[in-house]
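Structure first, then comments.
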There are 2 protein chains.
Amino acid sequence: MRPHELPEIRHLPLFRDMMQVHFETLMLGAYAQSFPAGLELMRQGDPADFLHVVMEGQVELFSQWGGRECTMAVVRPVGTFILAACIKDAPYLMSARTLERSRIILVPSSDVRAVFRRDPDFAVSVIQELAGAYRSVVRHAKGLKLRTSRERIASYLLRQSVLAGNVASYHLPVEKRLLASYLGMTPENLSRALKTLEADGVKLDGMRVIITDRASLAALAQPDSLIDGPDPDALHAGVNLPPVSGDR
Amino acid sequence: MRPHELPEIRHLPLFRDMMQVHFETLMLGAYAQSFPAGLELMRQGDPADFLHVVMEGQVELFSQWGGRECTMAVVRPVGTFILAACIKDAPYLMSARTLERSRIILVPSSDVRAVFRRDPDFAVSVIQELAGAYRSVVRHAKGLKLRTSRERIASYLLRQSVLAGNVASYHLPVEKRLLASYLGMTPENLSRALKTLEADGVKLDGMRVIITDRASLAALAQPDSLIDGPDPDALHAGVNLPPVSGDR
DNA sequence: CCGGAAACTTGATCCGGATCAAGTCACGGA
DNA sequence: TCCGTGACTTGATCCGGATCAAGTTTCCGG
């Protein structure tokens with residue numbers, strides 16, 4: 001592990017409140033590794049041997065069933081994923097693959113389980129992390145069930161703008177086909193819908209999103225804090241597409 | 001609170017491992033109440049003042065957005081709900097209403113938050129509960145994104161049969177329109193799909209489900225433990241429709 | 001036992017989104 | 001720089017499921 005990585009991990013919400021000795025125990029069994037883009041890190045159904053911490057790069061969490069596949073989330077630095085499976089010592093419900101060259105810390109899940117039983121402060125952090133992750137998935141499920149395709153796109157584009165500081169222009173943080181899968185539609189449908197959304201105040205130029213009429217976009221998206229957040233903890237929950245930074 | 005209720009609560013996975021003194025602290029601030037059918041217990045967005053424990057009856061968790069509504073889960077005795085919101089001291093993401101006359105224990109969430117910081121064993125139980133709840137919602141989301149309407153129905157009907165002990169016949173535990181909403185479709189669509197499912201080994205007679213050809217039904221449903229369970233903890237997670245008992 | 005509301009079914013039609021099929025474009029590797 | 005692969009777009013068509021509109025049944029309350 002690199003010298004600058006340890007303090008970075010230490011400052012994560014999940015690890016920042018635990019006792020130093022317990023943190024060291026965890027890190028003793030942990031190791032960092034770099035993976036090329038497009039590598040499958042785990043397959044759903046595998047035993048949950050490691051808690052994963054993304055230090056660099058991007059990791060996609062996705063699921064498969066009967067030949068179909070869908071994106072569930074994208075995790076970016078510095079975020080953790082599959083905490084719940086580690087804790088329950090149960091098989092992963094999702095697969096994971098790197099979207100680009102990524103550096104990942106692997107913490108043996110047996111150590112995680114042992115430590116949160118001995119360190120009450122760590123246990124509290126785990127609780128906070130899980131509660132945030134739970135709420136994030138509930139939000140996602142609500143969006144899927146209550147919104148149409150166009151509304152989900154509009155909400156997503158608006159939310160990303162807000163997260164970046166209400167910028168009028170920004171770059172999509174992920175490929176469109178991945179975004180389509182995350183939002184529960186086909187790439188073709190996303191492509192077409194984006195075009196019709198020009199009438200609702202948002203335009204795309206390649207990966208660049210340009211909000212031309214925020215009020216109009218908001219009228220369609222009807223942003224709702226109980227679906228779209230803000231939920232400060234969601235950023236660390238590993239269940240959202242990542243935020244972006246604005247242009248210019 | 002009734003005398004027989006305390007030990008029942010005490011034996012819940014969430015409370016069974018905590019120190020007696022802390023359990024008593026929690027119960028001191030708690031109170032039980034009976035509600036008629038069809039009563040709205042909470043509205044999404046409300047502050048999370050109480051952890052709810054269902055002792056009798058059935059409670060529906062649902063969400064609303066822009067005039068639309070969908071069922072997210074049904075909680076039955078003895079189960080808890082909205083633990084995550086209590087812990088984060090955040091607004092409820094879901095509304096709740098009684099489906100029938102229900103008796104519910106309300107535990108002040110401030111007490112819950114205080115106690116899990118002082119009782120490491122309780123903290124561990126909370127972690128297990130949340131991890132289970134998280135995984136349940138992920139399963140639900142996977143089903144919504146990966147399966148068609150018919151496949152979700154088939155999976156549901158088969159799963160209920162398995163939960164009841166592989167019975168060939170059982171009664172639906174909830175109204176069809178609620179089931180439709182839970183599965184993410186309209187009542188009309190459920191009704192029609194059920195009729196066409198007779199060709200796939202399952203028949204309905206009112207509320208009674210009769211599996212006429214389990215292999216055929218399974219071929220359609222393609223049950224997958226990473227979507228349908230079993231996950232022993234899911235039953236207490238408050239995010240599934242309830243199990244049923246078989247006929248005869 | 002009756003009346004009415006709500007759940008459920010059935011039918012007709014509509015529409016959102018999927019699928020299939022060509023393209024075109026952009027990027028990364030040789 | 002060129003090439004090839006994969007992302008993206010665009011078009012045509014299809015289909016699952018929603019919607020609208022009546023019935024019909026069930027069940028609860030008076």
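Labels below follow one simple rule: chain letters A, B, ... track the order of the sequence lines, proteins then strands, and each chain is numbered from 1. Every heavy atom of this structure was used, including side-chain atoms; hydrogens, water molecules and symmetry mates were not.
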Quiz item: When you check the gap from the basic side-chain N to the acidic O, do B/Arg76 and B/Glu100 get nearer than 4.0 Å?
Solution: no

Quiz item: Is any NZ, NE, NH1 or NH2 atom of the basic residue among A/Glu188 and A/Lys176 found under 4.0 Å from an Asp or Glu carboxylate oxygen of the other?
Solution: no

Quiz item: Is any side-chain N of the basic residue among A/Glu56 and A/Arg2 closer than 4.0 Å to the acidic one's carboxylate O?
Solution: yes

Quiz item: Under 30°, 30 to 60°, or over 60°: which ring-plane class applies to A/His140 and A/Tyr182, parallel, tilted or perpendicular?
Solution: parallel

Quiz item: Once you round it to whole Å, what is the distance between P of D/dT25 and CE of B/Met207?
Solution: 16 Å

Quiz item: Taking the side chain of A/Lys176 as heavy atoms from C-beta outward, which of D/dC8, C/dA21, D/dC20 is closest to it?
Solution: D/dC8

Output a table of nitrogen or oxygen pairs between the protein and nucleotides 23-30 of chain C separated by less than 3.5 Å.
none

Each nucleotide N or O in nucleotides 12-17 of chain D that has a protein N or O under 3.5 Å away: list the pair and distance.
unit_1	atom_1	unit_2	atom_2	d
D/dA12	N6	A/Arg192	NH2	3.2
D/dG17	OP1	B/Ser149	N	2.8

Exercise. Please state how far atom CG in A/Leu190 lies from atom P in D/dT10, giving the value in whole angstrom units.
Key: 12 Å

Self-check item: Identified side chain to side chain contact (heavy atoms under 4.5 Å, CB included) counterpart of B/Glu5 within the set B/Val78, B/Val53, B/Ile105
Solution: B/Ile105

Quiz prompt | Whole-Å gap separating C1' (D/dT9) and CD (A/Glu175) | solution = 15 Å

Anything under 3.5 Å between a protein N or O and an N or O of nucleotides 28-30 of chain D, put it in a table, one pair a line.
none

Quiz prompt | Value in whole Å for how far the C1' atom of D/dA7 lies from CG of A/Leu194 | solution = 14 Å

Quiz item: For the pair made of CZ in B/Arg177 and P in D/dC27, what is the distance, rounded to whole Å?
Solution: 15 Å

Quiz item: Any Lys/Arg nitrogen of B/Arg150 or B/Asp200 sitting under 4.0 Å from an Asp/Glu carboxylate oxygen of the other?
Solution: yes

Exercise. Whole angstrom is fine here: how far is it from CD in A/Glu188 over to C1' in C/dA18?
Key: 8 Å

Quiz item: Any salt bridge between B/Glu198 and B/Lys195, counting N to O under 4.0 Å?
Solution: no

Quiz item: Are A/Glu69 and A/Arg97 ion-paired here, with the side-chain N under 4.0 Å from a carboxylate O?
Solution: yes

Practice problem: Please determine, by modelled atom types, if A/Arg214 and A/Ser161 share a side-chain donor-acceptor pair under 3.5 angstrom. | Solution: yes

Quiz prompt | B/Lys195 side chain near C/dT10 phosphate (N/O to OP1/OP2, under 4.0 Å) | solution = yes

Self-check item: Close side-chain approach of A/Ser149 and A/Asn189, heavy atoms under 4.5 Å
Solution: yes

Quiz item: Can B/Asp228 and B/Arg147 be counted as an ion pair, charged N to O under 4.0 angstrom?
Solution: yes

Exercise. May I have the distance from B/Leu178 (atom CG) to C/dA6 (atom P), rounded to whole angstrom?
Key: 16 Å

Quiz item: What's the NE2-P distance between B/His171 and D/dT26, to the nearest Å?
Solution: 13 Å

